[in-house]
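Heads up: the structure comes next, in structure tokens.
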There are 2 protein chains.
Amino acid sequence: MGLYPVKNTRLYEVVVNRIEDMIKTEKLKPGDKLPSERDMMELYNVSRSVIREAFRVLESKGVVKSRPGGGRYLATTTDHPMEMVSLYNIEYGTISDFIEARELIEADVARLACIRAERKDINRLKSIVNDLIYRDNLKLKEYREKDKDLEFHIALAEATHNFMLKEIMTIQIQFAKNLNIKNYINEKEWLGLCEDHMDILRAVEDKNIDKAQALIKKHIESLKSIILSEDISSRN
Amino acid sequence: MGLYPVKNTRLYEVVVNRIEDMIKTEKLKPGDKLPSERDMMELYNVSRSVIREAFRVLESKGVVKSRPGGGRYLATTTDHPMEMVSLYNIEYGTISDFIEARELIEADVARLACIRAERKDINRLKSIVNDLIYRDNLKLKEYREKDKDLEFHIALAEATHNFMLKEIMTIQIQFAKNLNIKNYINEKEWLGLCEDHMDILRAVEDKNIDKAQALIKKHIESLKSIILSEDISSRN
DNA sequence: TGTTATAAGTGGGTAGTCCAGTTAAAAGGA
DNA sequence: TCCTTTTAACTGGACTACCCACTTATAACA
């Protein structure tokens, strides 16, 4: 018997996801009044307590504000930037801010990774890169769906042996996933970005700081120009 | 009547705080089994649903794992680094990692702030600095208690007009608060750090990038040496 | 028309129940 | 005595029904 059969999804999680989806698809907008608990329990066919649990976690994230007697309202973007912005699709500047931040931080990460990466870090990076490079089309499609390429960046941050940097990177990557940035990238471009990882890895392995930084910078520049220069509607 | 009387603390929040406090004070350690819902409702004198709501938010934060039929367990540090590490007091390297990350990021923040800060950003920074500089002892003590000095750094990040950088800074500052870093700093040292802010502000106002970066770096170096060099037990 | 009662609605919280899975203790067999 | 099996207690997941204080919109009144 498995020691970790913990994967049972709870009902409240389903409700949370549904609500967050409605925010993502802009069926709910900042400041909007949400349906009452009583209405929601009918809508989702769950008990009131499940609805309340769902709202507790949204509340603690700062996504929703509850006014006793007065209903619940979707927070505004200024109430809690991170959680909110990541739910709303692409406002002006959002992505360019994201990329700018990554450019700055990842350069530092690359430098520290060159200095501090150990054998096991390098091996982990290698296995991630190989997973993506030598794969048939079917697997590749699956990996792309799962944003498996982004793991490289987290592993790189891990190689700095600084938990804070890893945490910051994780947050950024999570943000990229929520934003569905891959929708802006076609298959060929995506493969190109994956191949960049190999070069970066080599530079880190050689402890060539300048090269690693240059490559990371180029990598993110590519990402930037792919996302920002092209017309979204003409893709995918 | 106020439009925002939202400050009613909810019971579940109290429970969440109590549990997090127990983690901070190491009455609860990673992997520990928590009391059952039934026991907890007696302990805190609230209904079972309040306990469950509290656990839902801890669960969604990754601090607690629930096993239906098997009880609840405190997560380990690896399960969700940020949330966990910030609850446990000072492990080896935690603080130095934190400071290293801040050093890197804040240098970039200072640079961008110099370039992009507008009048209103400068004014906000000024009001924060003034609040701390020209104050009687009583007020100062209160401000220190509330970590009011740290607002400067968030406002500085805000001056970059990059929401992601502000978010990252906010996370770091929140982390510093949770860690109670001020306990390692005596009053004189704290005042010194506050005064640094004034100089940094001036450099930003003058758009003197090199100076701003140098000052921020010095500021964080001071912080570092205060915290890491001294014997904790001999202070405060 | 403008104010004031009034009723409906809302989130906050409690209590009690049922269920399926886990866990540990008691019973049984070797 | 030791190991297996059965049983009973416990645990989290979920539901239902109820009460409260506060908000809000409606209706009654001046």
Side-chain angles (χ1 to χ4, degrees), chain A residues 1-19 22-23 28 30-76 79-80, chain B residues 1-19 22-23 28 31-76 79:
Chain A
M1 65 197 76
L3 270 167
Y4 273 84
V6 203
K7 56 172 131 184
N8 284 306
T9 42
R10 313 283 136 78
L11 279 180
Y12 85 96
E13 286 185 305
V14 179
V15 176
V16 167
N17 287 333
R18 288 252 209 144
I19 295 173
M22 289 181 71
I23 303 175
L28 282 174
D32 277 5
K33 180 166 186 164
L34 293 147
S36 73
E37 294 178 355
R38 273 88 170 176
D39 288 347
M40 281 230 156
M41 54 183 280
E42 286 196 3
L43 251 165
Y44 293 123
N45 245 305
V46 292
S47 72
R48 209 182 137 204
S49 36
V50 169
I51 300 289
R52 309 192 91 242
E53 287 169 14
F55 275 122
R56 289 315 190 197
V57 344
L58 289 171
E59 205 174 82
S60 77
K61 277 196 205 172
V63 175
V64 152
K65 302 280 174 195
S66 308
R67 267 221 299 282
R72 284 204 172 83
Y73 296 82
L74 199 56
T76 57
D79 284 336
H80 215 219
Chain B
M1 64 196 75
L3 271 166
Y4 274 83
V6 203
K7 55 173 133 181
N8 284 306
T9 41
R10 314 282 137 78
L11 279 181
Y12 85 95
E13 288 186 301
V14 179
V15 176
V16 167
N17 287 333
R18 287 249 211 148
I19 295 173
M22 288 180 71
I23 302 175
L28 283 173
D32 277 5
K33 180 166 186 166
L34 294 148
S36 72
E37 294 178 354
R38 273 88 169 177
D39 288 347
M40 280 230 159
M41 55 184 279
E42 286 196 4
L43 250 165
Y44 293 122
N45 243 306
V46 292
S47 73
R48 208 180 140 205
S49 35
V50 169
I51 301 288
R52 308 193 93 243
E53 287 168 15
F55 275 123
R56 289 315 190 196
V57 346
L58 289 171
E59 204 175 83
S60 76
K61 278 195 203 173
V63 175
V64 153
K65 304 279 174 197
S66 308
R67 267 221 299 281
R72 284 203 172 84
Y73 296 82
L74 200 56
T76 57
D79 284 336

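Computed from a predicted structure; not experimentally measured. As a basis for the values below, the full set of heavy atoms in this structure was taken, side chains included, without hydrogen atoms, waters or symmetry mates. In what follows, every chain begins at residue 1, and chains take the letters A, B, ... in the order their sequences are listed.
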For this session: Ignoring hydrogens and angles, tell me if any N or O in the side chain of B:Glu13 forms a donor-acceptor pair with the backbone of B:Arg10 under 3.5 Å.
Result: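 The answer is yes, because a donor-acceptor pair under 3.5 Å joins these two groups.
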For this session: Measure from the side chain of A:Leu11, starting at C-beta and using heavy atoms only, and say which of D:dT11, C:dG13, D:dC15 lies closest.
Result: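 For A:Leu11, the side-chain atoms sit closest to D:dC15.
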Gap between atoms [atom1] and [atom2], on [X] and [N] respectively (whole Å):
{"X": "A:Glu53", "N": "C:dG11", "atom1": "CD", "atom2": "P", "result": "16 Å"}
{"X": "B:Leu34", "N": "D:dC10", "atom1": "CG", "atom2": "P", "result": "19 Å"}
{"X": "B:Asp39", "N": "D:dC10", "atom1": "CG", "atom2": "C1'", "result": "10 Å"}
{"X": "A:Arg48", "N": "D:dA17", "atom1": "CZ", "atom2": "C1'", "result": "10 Å"}
{"X": "B:Glu37", "N": "C:dA20", "atom1": "CD", "atom2": "C1'", "result": "14 Å"}
{"X": "A:Tyr12", "N": "D:dG12", "atom1": "OH", "atom2": "C1'", "result": "12 Å"}
{"X": "B:Arg38", "N": "C:dG16", "atom1": "CZ", "atom2": "P", "result": "13 Å"}
{"X": "A:Glu13", "N": "D:dG12", "atom1": "CD", "atom2": "P", "result": "16 Å"}

Exercise. Quick one: is B:Ser66 getting a side-chain N or O under 4.0 Å of the D:dG12 phosphate, OP1 or OP2?
Worked result: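 False: B:Ser66 side-chain N/O out of range (4.0 Å or more) of D:dG12 OP1/OP2.
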For this session: Return no unless some side-chain N or O of A:Arg67 is found under 4.0 Å from OP1 or OP2 of C:dG11.
Result: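 No, because none of the side-chain N or O atoms of A:Arg67 sits under 4.0 Å from OP1 or OP2 of C:dG11.
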For this session: Would you kindly check if the NZ (Lys) or CZ (Arg) of A:Arg72 is within the cone defined by 45 degrees around the ring axis of A:Phe55 and under 6.0 Å from the six-membered ring centre?
Result: yes
Exercise. Any salt bridge between B:Glu59 and B:Lys65, counting N to O under 4.0 Å?
Worked result: no
For this session: Answer yes or no: side-chain N or O of B:Arg56 and base N or O of D:dG13 forming a donor-acceptor pair under 3.5 Å.
Result: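 In this structure, the two groups form no donor-acceptor pair.
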Exercise. Base, sugar-phosphate, or nothing: which does B:Arg52 touch, judged by heavy atoms less than 4.0 Å apart?
Worked result: base
For this session: Find which nucleotide of DNA chain D each of A:Val46 and A:Tyr73 is nearest to by heavy atoms, and output the residue with the more 5' nucleotide.
Result: A:Val46
For this session: On DNA chain C, check which nucleotide each of A:Gly69 and B:Ser49 is closest to and give me the residue with the more 5' one.
Result: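 Whichever sits nearer the 5' end wins; that is A:Gly69.
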For this session: Please figure out whether B:Val50 or B:Lys33 has its closest DNA chain C nucleotide nearer the 5' end.
Result: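 Whichever sits nearer the 5' end wins; that is B:Val50.
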Problem set entry | A:Tyr44 side chain reached by A:Ile51 side chain, heavy atoms, under 4.5 Å | yes
Exercise. Quick one: are B:Arg52 and B:Tyr12 in side-chain contact, heavy atoms under 4.5 Å?
Worked result: no
